[in-house]
Student: 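Below you'll find the structure I mean.
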Amino acid sequence: MGKKRKVHSLTGRIDDRLMMQSFKAVKRNRGAAGIDKVSVGMFEENLDANLAALKRDLKTRDTFVAKPLRRVFIPKDAKGKSFRPLGIPAVRDRVAQEVIRRLLEPIFEPLFHDCSFGFRPKRSCHKAIEKLLEFHEEGDRVTLDADIAGFFDNIPHKLIVDAVAEEVADGNILNLIWKFLAAGVMENGVFKPTTIGTPQGGVISPLLANIVLNKLDWRLEQAGYRFVRYADDFVVVCKDRVQAKAALELVTEVMTELGLSLSPEKTKIASYGKGYDFLGFRLSSKSRTMRTKSEEKFKTKIREITRRCHNLDAEVIKKLNQVIRGTANFFATKFSTCIKLFQKLDRWIRMRVRSMKFKRKWSNDNYRLRKRNLQNKLGLLGLLDFTQTTMSKTSR
DNA sequence: CGACCTTCAAC
RNA sequence: GUUGUUGAAGGUCG
C-alpha cells in the first residue's frame, strides 16, 4: 500500500532540444497564426531567440503568460447551422503546449486503459472497432452508445489539473497547464475569460481529455463492463438491455462526478443485430459499412470536383483519384463489407464524370471518344480499385 | 530515419 | 478564413 511515486521535476527536462522538437512539430501542421498574428514563418525568423525566451519563461515559475486564444467558428456538419468554437493559441503558446504535452504523454500513456483509442499513439478508429467486434463475437450484442455533451467545452479546470497532479508533483508544470486553460479568448475584440473547458485547438487538449476520461474507463472496468472509448464517444458492450440500463446509470453517475453530462440525443441503447453507428461506420452483425453521413460527405466532395461546368482534364482526374484513394483507404478494412456500396458509388462517379463538360477541338470531332480515351489514359480509378490493393496488403 | 507535397478518417 | 491530437495511404527529395 505504498504511496504512488509521482514525477517531481519535469521542468528540469525542458532543454533546447525539446524546444526545437516542439517547434518542428508545430511547424509541421502549417497552422494559422493566433491572436498576435505571428505566423509560424514569422516565429521562425528569430527562432533561436524566440525559443530561448520561451524556454526561460517556461522554466521560471510564474513568468509565462498565455496569450488569449483566437476564436474561430467552424461549421459542425456540412450544411448544419451548428458551429464548433475553436480556440486558436498563438504559435508561441502552441510550442509551449507541445513541450508540456511531450513531457506528460509518456507519463500518462501507460496508465491509460487498453480500450481507450482516441488521440493515442499507435491507436486508431479501426483498432477501436476491431476491439468492439471482438466483444460482439464473444456474445454480447446490446450496446450503450454514449456521447458526452460538449465535452471539451465543459471539463472543469480543477478536475483537469487535479488529475494531472495525481501523477505530477511539479508545481511549475501544473501552473503552466492552469495558464493554458485560463488564457481566455478574444471574441471580436473583446476579451472573455475561460473558466471551464479545454480549448478545442489546444495542443494538449486531447491528452488532457484522455487524462480526465481515464477515470471513467477504470470505473467501468471496476464495475466489470467491457467498452471501447474514442475521445468522448464510447460504447459499452452489454449482454442485454437490463445491463445496458445499469451501465447507463453508472456512466451518468460518473459524469456527475466529473461535472459533465451525456448528450441525450446522441446517447442510446442499441444492438449489434439492428446495427448502430460508431466512428464513421455502421456496425451490425450482418454488415460493417460506411454510415449514411459519411457517404453523403463523400458524395458532396465528388460533386464539387466533377461540376458540370468544369472542364474535364488531367487535374480533375488526379484530384478525383486522391479523394477516392483516401476514402477507400479508410473504409475498406479487414472487417468492412463495402463492396456493394463501392460498386454503386463507382457507377455514380463514372456517371458524374461522363456528364462533365469537355472541350471540342474542332466542330465535328468525336469528343465522346476522345473523352473516354482521356479518362482511360489518365487512369480514373474507382473505390474498388483501391480495395483490392488493401485486401492483398492486409493478407500479407 | 528526416524534410516537403497531397488525400482520407475519427473526435 | 480552419485549430488541435491520432491513425492510414500515395508522391517528391535527402
Side-chain angles (χ1 to χ4, degrees), chain A residues 20-21 24-35 37 39-40 69-77 83-91 93-95 97-98 100-102 104-105 108-109 112 116-130 147-148 150-153 180 185 198-211 213 228-235 263 266 277-281 290-291 293-295 297-298 301-302 305 315 318-334 336 379 381 383 385-387 389-390 393-394:
Chain A
M20 185 56 80
Q21 286 175 334
K24 293 253 170 85
V26 170
K27 188 189 176 183
R28 262 196 297 270
N29 286 341
R30 299 178 308 151
I35 191 71
K37 302 198 155 126
S39 65
V40 173
L69 307 165
R70 184 161 65 90
R71 180 61 92 214
V72 171
F73 290 95
I74 58 162
K76 220 170 191 173
D77 36 78
F83 289 87
R84 193 158 67 95
L86 286 188
I88 303 170
V91 169
D93 294 0
R94 294 212 293 271
V95 176
Q97 288 188 27
E98 175 66 9
I100 306 303
R101 199 189 67 80
R102 279 167 181 258
L104 293 184
E105 198 182 64
F108 284 93
E109 190 54 34
F112 288 157
S116 162
F117 288 91
F119 310 136
R120 291 184 59 191
K122 292 282 147 212
R123 278 155 187 268
S124 64
C125 305
H126 299 128
K127 299 259 179 71
I129 292 170
E130 277 165 27
D147 188 283
I148 301 167
F151 174 57
F152 278 90
D153 297 323
F180 293 141
V185 288
T198 183
Q200 301 200 42
V203 176
I204 42 168
S205 294
L207 177 60
L208 296 179
N210 273 336
I211 289 174
L213 287 188
V228 165
R229 185 173 67 78
Y230 194 101
D232 67 328
D233 198 353
F234 58 97
V235 173
S263 158
K266 290 192 199 162
D277 289 348
F278 188 57
L279 304 181
F281 286 84
M290 282 171 93
R291 73 176 170 203
K293 212 179 91 185
S294 304
E295 192 186 325
K297 204 163 143 189
F298 171 71
K301 216 162 278 179
I302 296 295
I305 303 168
E315 276 305 302
K318 190 182 151 201
K319 182 89 181 135
L320 273 174
N321 281 345
Q322 279 174 337
V323 172
I324 291 166
R325 170 190 294 270
T327 304
N329 198 276
F330 183 80
F331 288 104
T333 68
K334 290 172 218 166
S336 47
L381 295 169
L383 289 157
D385 295 309
F386 293 105
T387 63
T389 58
T390 48
K393 261 182 210 163
T394 50

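Naming: A, B, ... by sequence-line order, numbering from 1 per chain.
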Student: Expressed in angstrom and rounded to an integer, what is the separation of A/R120 atom CZ from C/A8 atom P?
Tutor: 15 Å
Student: Would you kindly give the CZ-to-C1' distance between A/F112 and C/U5, to the nearest whole Å?
Tutor: 12 Å
Student: Name all residues meeting the salt bridge (charged side-chain N to carboxylate O under 4.0 Å, His left out) criterion together with A/E105; count only those two or more places apart in sequence or in a different chain, and write none if there are none.
Tutor: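 With sequence neighbours excluded, A/E105 shows a salt bridge (charged side-chain N to carboxylate O under 4.0 Å, His left out) to A/R101, given in chain and number order.
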Student: Are A/L383 and A/F331 close enough that some pair of their side-chain heavy atoms sits under 4.5 Å apart?
Tutor: no
Student: I need the CZ-P distance between A/R84 and C/U5, as an integer number of Å.
Tutor: 13 Å
Student: Identify each atom pair where a protein N or O and an N or O of nucleotides 11-14 of chain C are less than 3.5 Å apart, giving names and distance.
Tutor:
none

Student: Output all residues satisfying side-chain hydrogen bond (donor to acceptor under 3.5 Å, both in side chains) with A/S39, sequence neighbours left out; order by chain, then residue number.
Tutor: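 Per chain and number, A/S39 pairs via side-chain hydrogen bond (donor to acceptor under 3.5 Å, both in side chains) with no residue.
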Student: What stems, by residue range, does RNA chain C take part in, given at least 3 consecutive Watson-Crick or G-U pairs under 3.5 Å?
Tutor: B:1-11 with C:4-14
Student: Tell me every residue that passes side-chain hydrogen bond (donor to acceptor under 3.5 Å, both in side chains) with A/R70, counting only those two or more places apart in sequence or in another chain.
Tutor: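 Here no residue qualifies.
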Student: Taking the minimum atom-to-atom distance to the side chain of A/C125, which one of B/dA10, C/U5, C/A8 wins?
Tutor: B/dA10
Student: Listed by chain and number, what are the salt bridge (charged side-chain N to carboxylate O under 4.0 Å, His left out) partners of A/R94, not counting sequence neighbours?
Tutor: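 For A/R94 there are no salt bridge (charged side-chain N to carboxylate O under 4.0 Å, His left out) partners, ignoring immediate neighbours.
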Student: Find the distance A/L279:CG to C/A8:P and express it as a whole number of Å.
Tutor: 16 Å
Student: Using the C1' atom as the reference point in each nucleotide, state the distance between C/U3 and B/dA3 in Å, no decimals.
Tutor: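 Straight-line distance between the two C1' atoms is 23 Å.
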Student: C/U5 phosphate, OP1 or OP2: any side-chain N/O from A/N29 under 4.0 angstrom?
Tutor: yes
Student: Select base, sugar-phosphate, or nothing to describe what A/I88 touches, counting heavy atoms under 4.0 Å on all strands.
Tutor: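 A/I88: backbone/sugar contact only, no base atoms under 4.0 Å.
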Student: Assign a letter to each nucleotide of nucleotides 3-8 of chain B from its 5' end: B, base within under 4.0 Å of a protein heavy atom; S, sugar-phosphate only; -, no contact.
Tutor: SSSSSS
Student: Between A/R291 and B/dA9, is there a side-chain N or O to OP1/OP2 distance below 4.0 Å?
Tutor: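 A/R291 to B/dA9 OP1/OP2: no side-chain N or O under 4.0 Å.
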Student: Starting at the 5' end of RNA chain C, which residue's closest nucleotide do you reach first, A/G202 or A/K122?
Tutor: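 Result: A/G202.
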Student: Describe the nucleic acid contact of A/G280 in one word from base, sugar-phosphate, nothing, applying a heavy-atom distance below 4.0 Å.
Tutor: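 Sugar-phosphate, no base atom in range.
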Student: Listed by chain and number, what are the salt bridge (charged side-chain N to carboxylate O under 4.0 Å, His left out) partners of A/D233, not counting sequence neighbours?
Tutor: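 Residues passing salt bridge (charged side-chain N to carboxylate O under 4.0 Å, His left out) with A/D233: none at all.
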Student: My understanding is that only residues two or more places apart in sequence, or in another chain, count here; which of them pass side-chain hydrogen bond (donor to acceptor under 3.5 Å, both in side chains) with A/N210?
Tutor: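 Residues passing side-chain hydrogen bond (donor to acceptor under 3.5 Å, both in side chains) with A/N210: A/R229.
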Student: Taking side-chain contact (heavy atoms from CB on, under 4.5 Å) as the definition, give me every residue that meets it alongside A/L279, ordered by chain and number, with sequence neighbours left out.
Tutor: A/C125, A/A128, A/I129, A/Y230
Student: Does A/K318 reach a base, just sugar-phosphate, or nothing at all? Heavy atoms under 4.0 Å.
Tutor: nothing
Student: Classify the ring geometry of A/F330 against A/H126: parallel below 30°, tilted from 30° to 60°, perpendicular beyond 60°.
Tutor: tilted
Student: Measure the distance from CD on A/E98 to P on C/U5 and round it to the nearest whole Å.
Tutor: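 Checked: the CD to P distance equals 6 Å.
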Student: Report the distance from atom CZ of A/F117 to atom P of C/G7, rounded to the nearest whole Å.
Tutor: 14 Å
Student: Can you list the residues that meet the salt bridge (charged side-chain N to carboxylate O under 4.0 Å, His left out) rule with A/R325, with sequence neighbours excluded?
Tutor: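 Testing A/R325 for salt bridge (charged side-chain N to carboxylate O under 4.0 Å, His left out), a comparison that skips the adjacent residues, returns none.
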Student: Whole angstroms only, please: what is the CG-P distance between A/D233 and B/dA10?
Tutor: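 That distance rounds to 11 Å.
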Student: Return the set of residues passing ring pair (Phe, Tyr, Trp, His ring centres under 6.0 Å) with A/F234 (not counting sequence neighbours), or none when no residue passes.
Tutor: none
Student: Report the distance from atom NE2 of A/H126 to atom P of B/dA10, rounded to the nearest whole Å.
Tutor: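 Computing the A/H126:NE2 to B/dA10:P distance gives 10 Å.
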Student: If you only use heavy atoms from C-beta on, which nucleotide in B/dA9, C/A8, C/U2 is closest to the side chain of A/K297?
Tutor: B/dA9
Student: Could you go through the side chain to side chain contact (heavy atoms under 4.5 Å, CB included) check for A/L69 and A/R71 one step at a time?
Tutor: CA-CA 6 Å; A/L69 307 165; A/R71 180 61 92 214; 5.9 Å; no
